[in-house]
Structure formats: C-alpha cells, structure tokens
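What follows is one structure encoded as structure tokens, with my remarks underneath.
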Amino acid sequence: MDLSFGPEYETFRAELRAFLEAHRERAPRGGIVAAGGSKDAATLAWQKLLIEHGYAARTIPKQYGGYGAEPDILKRVILDEEFARAGVSAGVGGQGPDMLVPTLLEHGSEEQKQRWIGPTIRGEVVWCQGYSEPNAGSDLANVQTRASEDGADFVVNGQKIWTTTAHLADMMFGLIRTEPNEGKHGGLSYLLIPMTTPGIEVRPLGTMTGRAEFNEVFFTDVRVPQANVVGRRGEGWKIANTTLKHERNMLASAGGLEASFARLVELMKSETRDGRRAIDDPVLRDRLLRLEARVAAAKYHSMRMLTASLKKEFPGVAALVTKLSGCEISHQIAALAIDAMGELGVLYDGSKHLRAFGMWQFQYMFSLGLIIGGGTAQIQKNIIAERGLGMPREPKAA
Amino acid sequence: MDLSFGPEYETFRAELRAFLEAHRERAPRGGIVAAGGSKDAATLAWQKLLIEHGYAARTIPKQYGGYGAEPDILKRVILDEEFARAGVSAGVGGQGPDMLVPTLLEHGSEEQKQRWIGPTIRGEVVWCQGYSEPNAGSDLANVQTRASEDGADFVVNGQKIWTTTAHLADMMFGLIRTEPNEGKHGGLSYLLIPMTTPGIEVRPLGTMTGRAEFNEVFFTDVRVPQANVVGRRGEGWKIANTTLKHERNMLASAGGLEASFARLVELMKSETRDGRRAIDDPVLRDRLLRLEARVAAAKYHSMRMLTASLKKEFPGVAALVTKLSGCEISHQIAALAIDAMGELGVLYDGSKHLRAFGMWQFQYMFSLGLIIGGGTAQIQKNIIAERGLGMPREPKAA
Amino acid sequence: MDFALSDEQKLLEQSLRRYLAESVPATRVREIMATETAHDAKLWRDLAELGAAGVLVPEVHGGSGLALLDAALVQQSLGHAAAPAPFLATSVLGPIAFAAGTPAQQAEWLPRIAAAQTVLGAAFTELVHRRDAAGVRESNGRLDGTALFVIDAGAAAAFLVAVDRARIALVARDAAGLTATPLATIDATRRVAELRFESVAPAEWIGGAAGVPELAARVLAAGRVALAADVLGACERAIEMAVAYAKQRVQFGRPIATFQAVKHLCAEMIAELEPARSLVWYAAHAFDHRPEEAVAMSLHAKAHLAEIGTQIVRTATEVHGGIGFTSEHDLHLWFKRVGLDRQLLGGPEVVRAEGAALHGW
Amino acid sequence: MDFALSDEQKLLEQSLRRYLAESVPATRVREIMATETAHDAKLWRDLAELGAAGVLVPEVHGGSGLALLDAALVQQSLGHAAAPAPFLATSVLGPIAFAAGTPAQQAEWLPRIAAAQTVLGAAFTELVHRRDAAGVRESNGRLDGTALFVIDAGAAAAFLVAVDRARIALVARDAAGLTATPLATIDATRRVAELRFESVAPAEWIGGAAGVPELAARVLAAGRVALAADVLGACERAIEMAVAYAKQRVQFGRPIATFQAVKHLCAEMIAELEPARSLVWYAAHAFDHRPEEAVAMSLHAKAHLAEIGTQIVRTATEVHGGIGFTSEHDLHLWFKRVGLDRQLLGGPEVVRAEGAALHGW
C-alpha cells in the first residue's frame, strides 16, 4: 500500500495545473465530461494538445498515435482530480477510446490497429457499440442480427437497440451472427461497421428521462467487408467479454460518484425547509453519511481493482462487484437529493424553481436505467455467484 | 368496513374487565403469553374458568367442550386487548388448540373429535408438531420418517427436528411416510402419536439464543394404531397445508408486534446516552416511526385477513404474505432496541446492567429463527409468486 | 363488525375500474397529459356520473355523501389508471374544507363539485412547511406572497389557499392581483402551479376570517390518505404490469417469470403492497370513525406508502429490464406518478417527524 | 504507488490464517470461550511468535514496528477465526496510547506487549458517550466512578482508562479500590467488564496528568478501524460458510447453491463485502499516512462495516436455514461477534453523528 505522492508526482501535478491554467481557454465548453461524439474543431484541437502533453491517450503506444507512457494509477488519479478541480474538459472519451481501442490492442490485426486507433483517440472517428437487441438484453448471446457471406463481404440484416451516440457515430463495433450453425455463443463475430453504409437506419429511442440518450439501429442488406472482423470469426462472444471488462476505467466512475456526492452536500447546505438547511436535518444527514461511506468504499475499491489490473493480477470476485454497486450509489445519491428538496425535487423539464437543470431527477432515472443496462442486476448476481464464488449453474430445463 | 364498538361490545368488554379484575389472582403467573405445555393445577383451573365464561375456546362447538360462540373478530380483538392490558394469562395456547384442533374440526373423524378436542382445549393434553426433519426443512414434502404396516398398527422409524414443547407433550401430530410408492407428496399421512410410546426419544436442540426452544425427536420401531391417521392415508400433505393456514390466529401475532413495539417505545424513553433519551435522537426516532407504520399495517392486515377467513372468502395473494413480514418486523423492532441501548444492548445471559432479562437480544435472534422456520423466506416467496401471482414454476431439471 | 370493503364499495371500485380501463387507457392518458392543462372535461364529467366527483359531497348537495374510505378507493382507481383528473383538490380537499364553510359557501360550491362543473386547486403546501421564500400572508384583508406546489392547478377555476399557515381562503383564478404560473414536474398527468398574490382580496374565508380550529389538520390528513391511496393504485398497476411482462418475456429460452430471482422480486413487491393496502383502508376509515387516530394514521399511511411505493415502481422497472426504461413503454407513467405523490404534502421524513411530534416524542 | 497489500502483509496474513485454521478451529474457540477469562495463554504467546502481538510495537522495543494496516490484517484474521485473544486492547490500543507515553512507560510496557507477557484492558467507552451513570473522574490525584464495557478485560493485568472523558490513566488490576465485574455479552469469545473506582490512585498517566491533545481521538480512530477489520474477517468467514453449505445442502433434489435465490443472497453478501474491504484498507492506511483523513475514515469504516456486517451475518444464517440457528453449528459465533463489534466504541448512528460533526455539518 503506497499512496504517497512523491516528488515525481508533485511535479506531474504542478505541470498539469500550470498547463490547465495556461490553456483552459482553449478547452471546449461543457465541463469535465469527456465528449463522446463531438468533432468540432475546438474539441479535436484540445484532444491533440492533451495527447501531446500526455494528458490523454496516455498509455496508448506511440506507434498508434498515443503518448506511450507506462500505466501509473497515481498519475491517473492526479489527472482525474485536476481536470475535475479545474472544471475543464478531459478530452475525447466514449466507447471508441474506452472500449474499442483496448479491444483492438488485445485482439486486432496490425492493420486494424494502424487504421483505427489513431483516428479514434484523436476523436476523428466516433464509435458506437452494437451489442444489445430487442431479444438479446440480459441474454446477450441471443443476438439475432445476422450476416450472410457474399463474396468478400458480409450482408448484415437485423436490429440493435440501446445504442448510445449511434446518431453521431462514424463506426459501430458490434456482435453479429456470422456462423448460423455454431450455437448461441460460438456463432458470433466482432464486426466493425461503417455507419454510413447504405441500409443502416438510426432512430432515436426515448426513455423515461424524457431525453433520447439511446437509439435503435436497423440493418437492411448492409454490406461490410469480411476483413472488418476483429479476431477470428465466431470469437465475437469471447472478445466482447474482454471489452466489457475494459468498460470505462473504473476510477472515472468512482470519480463521478465523488463529484455527485460533493454536489449533494452543496445542495443540502443551500436547500431549506422552514428556514432550516437540509443538512441540519439529522435524519437526512444520517443518510448523507451512509452514502459518504459507500462513495469512499467505491473509490478505494476502484483503486484496488485498477492496481490489480495493472499488475495483471486476477482480483477474483472482487472485480465482479463494482458495477452492481456503482449505479446503485448514484441512484441513492439522487434519491437523497430529491428528498432533501422535497416538492422542489420533483420539478422537471425547465420548470421555474428547477434546481441544476433537473440534473437530480435525470440522475435518479438514468442510474436506474444503468442498473438495468449492461446486463441487469440479476444477471450480474448470477455472474458473481457462479464465476466469483464458484456456485454451480442452474440445471438445464428438461 | 365496520369497526364500531356497539353497545353489545362495550358490554362484552365491561364484563371481561370485571371478570379479570375479580379473578386475576387465580390466573397463573407468567403474563399474557399463552402457556403451551404447563399442566399445573392453577393453569388448568384458570383455563376451565375461561372456557366457562367464553374467554377461551370460544368458537369451539359445545359438544366438543368449547363455548360454542359464533366467530366475532371484534370480540377477539377485545379479548386480546383486555388480557394484554391486564397483563393476565389468556389461558392455554400452543400447537394443540391453535393447530391440531382446527384440523380435527375440519378433517377428523367424529371419534377423533370426541376424544381429543376437549382434553386439548382444557390443557389436559399437550401437543407438539412433527413436520420438519433434517432433510425436510424448506422441502417439507421430503419427509423420510416412515411407517410400515404391522397388523392394525404402524411401526414408525425416523427423526423429527425443530419440535417445540416435545419434551412436555403428551401427543404429536406429524407427517409420516406411510405409502412408500406414492411419490413425495402423496406418500404422507397425518398421524397422531402418543409421546409415551416406547421407542420415542426426545433430545433438546440448542440454538444461538442459548436456550433450548426446540427438540429433536427420534423414533425407533414406534407402534402407532392405524386408526390414529387423520383424514385418509396419503392425504397428510394436503391436511398439513390446511393446518399451516390455521397457524396461530393472525391477530395474536400482530398483537405481539404491537406489544413489542410498545415496549420498544418505553425502552427508548428510558435509555439515555450522555443524558439524552434515545427517543430524542431524531435518527433513532425516525426508525421508530417507520416501524410503527409497519406494525399498524400488520395489525390491520391481520384484521382484514381474519375477516376474509370468517366470511369464507379467499383473499388471494394477500393471505400469503403475512408470515413474510411479521417475523421481519419483530426482528427490526429488536434491532432498533439494541441500537438504542448501544453497548448495553449486547449484554446477555444475566449480566449486570442487563435490560429486560435479555429479552431484546433473544427476540433479535429468535425472530431470525422464525424467518427461517416454517419454510424459509425463500420458499415463502416462491409460494407467493406461484400461487399468489400465478407465475409459472421453474422448469424441472434435466 | 368487519374489516372489509362493503358491497357498495366494491361496486364503486369495479365500475370505476371498468370505465377507466375502457375510456382512459394509457394512450388516452398520454393525449390528455400532452394538453396544456392536462384536463379532460369529458373524463371529469364521466367521473361525476359514476358518483366519483361528488363522493364526499353530502347528498343534500347532490353528492353521494360517502366517507374518506370511498374517496380513497376512487383515488386509488385513478392512481391505477394514472388518470389525469383534479380529484384530489376538487373532490377530496374541497368537500372536507367546505364542511367547515358557511351554508352559503356549501350551497354554492358543493353541488358544482358533485356535478363536475368546476375544478378547484389546493395551495396547502404551507400547512406542511415553507420552501424558498414562499408564504401567503394576510394584512388588512389583502393577500400577499407566493404559494408553491398548488395541487390540480391546471384547470382550476378557484383555489383553496392556506394563509398564514393556518387559515384557508377561497380565491378565484381571475382575482385581481393573482398570477398562476405552471410548474412542470416529472409527472405530467397532474398539473402543479405557483400562485403569486399581490394585494389580492380573498373571495371568501372558509369558516370565517378567524379560521376554524383543526381545519388545517383535517384537510392535510384527508389529502395525505388520498395520496397514499394514489400510490397504492399506481403500485397495483406497476405490479400487474411486471407480472404480466415476466410471464411473456422470454430470455435464455424460457419466460423470465420462471426465474426465481424475478419471482422473488414480484413476491417482495406484493408482500409490501398488501399490508399497506390494509393500512390505507384503516387510515381512511379512522378519518371518519376514529377521530383520535385520524391524524396519526394519515401520517403513517402517507409515509409508508411513499417508501414502499418508491421501491415497488423501481422494482417493477427492473423486472421489465430495458423496455421499462423507454418512454414508449407506459410503465414510467406510474413510476413518475409515485414520485410526485411521495413529495406532495410532505415527503416521508417530514411526515414521520410530524408523527413523532404528535406522539410528544 | 499501488493500492494493494505488500508481499510482507500477504505473508503475515497467510501465516496467521494458517496458524489459526490449524490451532484455533471452532472447537478450540468453544473450549477457550467456556473458560472464565476466555484467555488462552498459549494462543496469546503463539500470536507473539507470529509477530502479531507486537505488530504495532516499535522494533526497538521488540515489536515489528508496523502500521495500523498490518494490525488491521491481524484483527481481521482473528475475526475470521472468531479467535479469543486480547489483541484489540493490548496490541492496538495499547501501543497507540503508549506512543504518547514517557520513555519509561514505553520501556516498561511495550516489550511485554510484543512478547505477549501481559494483557491490557481498555476502558474507553466514555470517550464516545456515557450510558447510565457511568463516568470516571479524577480529583486530588484519585479516581472515582464507573467505567462500563471495558474491552478485553478478561485476563487484563492493567487497564487503560479514559478519565474525565479526555485523559488516559493506566491502572493495575490489583490497585486498591478497583473492582472489576464481568459483563456477559452475546459474544463469549471476548470478555467485557465494568470497572468500579473508589479513590483509586492511578499508577500512571499516559503522557502526563495533563493529557495529550488528540490522544483520545487517536486511540478511538485506531480502535474503530480494528473493529471494522474484525467485522470484515467475521463476514468473510460467514460468507465462506454460507457458500460451502449451499454447495453441499440438497433440497428439492439439487444443491441449494443451484437456486437463483440462494445464489443471489451470496452474491449480495460478497458485493457488499469487497468494496468494504477496500475501505478498511484505506482507513487503516490513512491512520498512518493521511492524518487529515484518519478520523473521518475510521468513522466511515466503523459505521459501514457495522451496517453491512449485521446484514451479512444475518443473510449467511438465512442461507443455512435451520441448522445455522442451532448452537451446535458454529455460524452463530460470527453472528454474535459482529453483534458486539457493532456496538463497541459507538454504534453506527452514533459514529455517523460524529462524522457529521467532524465535517461541521
């Protein structure tokens, strides 16, 4: 356990602060949330600057356009802290840099790496993820979107759902059934699909939050070169599972909880009821303290998991539980914020008196969507019990 | 919805109060908890007096030794309230009067009714229940204790567990496998077994509470007349399920929660921390109010269910959920009491400073035992979902 | 004596549910909630014909002259349908308040309520607490200040307004100096507003300018029981939807209703709901028949239903998986309805603190 | 930098676990807890040989000179074994307190702690709060009053005693005027007592009669982290037992581990425990390396582990069904150990209130 910030790190932090101070005017607006689809000139220029200084694409090898540094959690922590403190965009994020790039580094051909990693981390190519389907929600291996061979191409037909940023994306990485005779898991391939291909239609999918964070994507005779398969044909299920593990570095998610908790504290200091601040209500305050402990646990747990992953150690069941708790804590933070505001907490949609643009209700609903998404909590628990605790699978139905 | 206490009921209450005032010295000690195994002269005399006045065995037909009154919930409520208020024993209870007698009334032969109901309600014959076995816990139909025929008798071999009052009981009503070829459910009979029969051994079973509330009962070549089967052979499973429905009238259990909650309030008014009463701590008080609502819901729910059962209406899923919540509330009441006492709350075993003879820790642990007992909470939930909500059973394992 | 709904009550509930199922399905709810006031005059008149709008109005004034339990059953049915109807303010809080009114007030308003010829809004939040700088004060017969979170304000022709946190005034929507501003909430099936008073002359005081002791406590108690009943109905519906969906949705080759985890989620929902239903019945009954318990029981019902309701609509959404999170699917209507119910007239912590104070704890 | 146990720490943990598994199985725990003091001199000496008793004692005094994280790992292993050993008072609170002592005190006590040649009890409850009429006061150099819930009092040769809720005195068990009365708790693996002082001359003050600023906060923080670690170990064990039992117990013709409901109970337990482990590590680390966070993190660790610990031992009991409720089965040893840990040095509500005050909230 060594969390000391030695001189090297203090220097790193000081340089970063100076950099942010000097250049913050060049950063795109919109705070620290990494943009997932914005290709305006300011964003691309800012990302370029960040990569040059090693503040983005930090550990991506130089030959693919990254900064080529060794992984270093403490520097990762410092980066998160300082961008958050400065309230400055941390550059381009999203499913391309966070999910596709690690997958290509592990499974892609040299040609695929050369072609896609650079443009992706620079933000020039935006990706969306095509996993879920109407009948492949928690049962992801039930993917029905299929590709038949036609010369050097695949011809894809079917439908994806819950596809974030599909309306902005240049490319999709998705699971497609290419081997109809190979059973549920063995029949899938991990395919890279240009979103401009004729036959692709993107429709926004409204959710209970009232915003369209997701899309449906329809494929009708969409031609994709067979060369766009990552890894081998029929290995898509295995590769997608690796990608899921890469899903958004865990520190960032814990950092999000910390930031959200800090906003909750501010809220509870400013909202009043009969002139008394919410934070002075002992019952609400007790809930606040419970959450603070949970946020701290999530934060240090993510540091522990990241350490293990950098050391290539297998942390066992401990690695499987992060997802289950993160969204739940976010939901509970929002729930407390709403209760602290009382009737003000149910205002929405640009109402007069609305706090923080309705962020809290949005978070309350959206975090529930996340609890459901990416494999429902029920499936997560199966995985924890079976893979993590070695409990036997349910017997197959007769 | 008619909960009015009309003149008839006020008279009933006044008479009862006068009776309790006049005769309370004749009641056995030990408060209002109905004795389940005490056959001392004072108890039997008290029970006789209660039956004569219609304050016990109230709705049991006269020809079987009861008072023969029509069921009347409000009088039942008044009885519970007034015995509780007076702190006087409500007479003989336990598994004989509460479970066996309703079963005999419904399924017993005329001879069985004549023979057993009178002595049971008078407290002269004490019963224990023989359902659970080491390998038939949540899976009750897995009963292995078996009876082979030998002339007019059965010869019983096997083992029961979790048998309360077995060490005091004259008789057991139990599930015994009499039809080895009839499958899990169809092979059981509901058998009345004299506990004095040679070959029966009762061993106390210690629990985490530190007391022996339960027993194990071992059967070695125990001879029981075949005439002691209630209903028909092989119908034991069906009959036992009726008995489970009779299990201790539900008002009493809600009444127990109310009494326990009242004690909790008293406790929180007397326990202090740095001179401040527990009830003045807003966080503990909030938990108290949450529980008060739950206790009230349980109380009125039990009145609703009792009304339905007296009208012979089927209340559907609503009837299946009582058990799940009752023990849980009891557990939570005790948990709050312990937290309100802090370190004093973990004292036990006659320690100096111990509150209420350690009742709260006992309740905390024992209610957990009850949550587990009588079909674990997990099984209860299956029943609620399948019988109550019509959800399909799990497919059989291949 | 018995603890059950009467045959008449069952009939009322059945006829309402049948009407709402046929005439106000979710598609219709969505149409009504998309209008400016979320008010459907025909639906409102139909409710009058079914005896719902005037359920609490004395027969002499053209109503059914029933009790709060009956009103709670109506509210529950409305919650079950997520029906946009100004029942809470107009048909529950209105008649309860006017019961303390003058004969003239009663004669003027109660028949119109029973016939669904008017809509009332209720500005009672201040009876619970003040948020921000809200507050309506009276001085020299004039009202000044702001009332927040006015219930059923969409199509209201007049407002019942808590003044100085104790008295209740009746103010016409078009009174000089009164401005109503809609406040958008998560639940579009009902309309909440802010009222701004600038030297408004109150049309009337309910029970005289000096106020009626206990009137504030009475309207709050009735309103809270009604909100609890609304949650009850909404949760019934959410559970019905979850169970039905689980039976038809196939994953891993079988209906998800066969998975123990899904079953147990459903079992936990119903196990919470059924005792809560008994509590709501009793709280409503106590309002008319056990006055000494009425306030305490209204607090328990409100707080308890808010807590379990929030949990149930969340669980129902989880059982649905992704589809329950879409705006296309109807489930979120109930999710949001419960969200608003939870906070109106006091969130659960607030209500429990009142309960403790009532006990003298 | 890394957030992980060092190889040395893993080794320490492994050697302790191996020793405890072999030498202090539940059968042995039951034997020791049945004795009057629940103290096993051999076990205590063995812990010294394994470097556990002196884990916090500086090397110059014969200890390992390690940090609170190492001590927490020892405590966690003891919790995992439900081992009866006076580690908390003697080896955690003792060295932390003596660090503020005089060189003479250190030279006298620390080597004996490291060698397991003595046992200390800790009367620190008053630093948190007073229950009943407890309280130890100093007047003219004499101590009077009562200290409740003295930790590890069974075989203690001397007691560290909070006086006037701020200073810490060291009093020999056989001091004139001191009476120790055992208090029986649900957890028989550790012994708690009441101390009665009647004009007792304190043997020593730690850090002088004027007291050491922050010393009280420091011992409390260390003690709370250790108690959190004890819960962590106990819960690990409870989960191991539940998972193992579920794999072998057959009902309805298959191991209950194949039932989704049982699986999910186990998944929920471990999902709570693993992040909590990271929190305990950090809280222990902060004690030595992030002084500005040390107190806050000790409060979080104590309260959070108490809450999830109570839930986990309950769930583990439910997974076991009836057998887990018997005294014959060992599970209740951990159930009760967590029950005592929850309340010692402040229950969760108490600790969270301190946390809020620390924030200035």
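Note on naming: letters A, B, ... go to the chains in the order of the sequence lines (proteins, then strands), and numbering restarts at 1 for each one. Computed from a prediction, not measured in an experiment: that's the story for all the values here.
The contact between C:F252 and chain A is made by backbone and side chain atoms together, counting heavy-atom distances below 4.5 Å. With a threshold of 4.5 angstrom between heavy atoms, C:T181 approaches chain A through side-chain atoms but not through N, CA, C or O.
Of the N and O atoms on the side chains of C:H129 and A:E343, at least one donor lies less than 3.5 Å from an acceptor on the other residue.
Between chain C and the options A:L284, A:L344, A:N382, A:N142, the largest number of non-hydrogen pairs under 4.5 Å is found for A:L344. With chain A as the partner, the residue from C:H332, C:Q260, C:R314 showing the most heavy-atom pairs under 4.5 Å is C:R314. Ranked by heavy-atom pairs under 4.5 Å with chain C, the list A:H353, A:E394, A:Q361 is led by A:H353.
Taking the six-membered ring where the residue is Trp, A:Y131 and A:F173 present perpendicular rings, their angle passing 60° and hence far from 30°.
Ionic pairing of C:R196 and C:E194 is not present here: no N-O contact between side-chain nitrogen and carboxylate oxygen is shorter than 4.0 angstrom. Salt bridge A:E133/A:R177: absent, no basic N to carboxylate O contact under 4.0 Å.
Other residues, nucleotides and ligands contribute only 12 or fewer heavy atoms inside 6.0 Å of the CD atom of C:E328. Annotation: A:R393, atom CZ; neighbour count of heavy atoms from other residues, nucleotides and ligands within 6.0 Å does not exceed 12.
Within residues 328-336 of chain A, the residues having any heavy atom closer than 4.5 Å to a heavy atom of chain C are A:E328, A:H331, listed by residue number.
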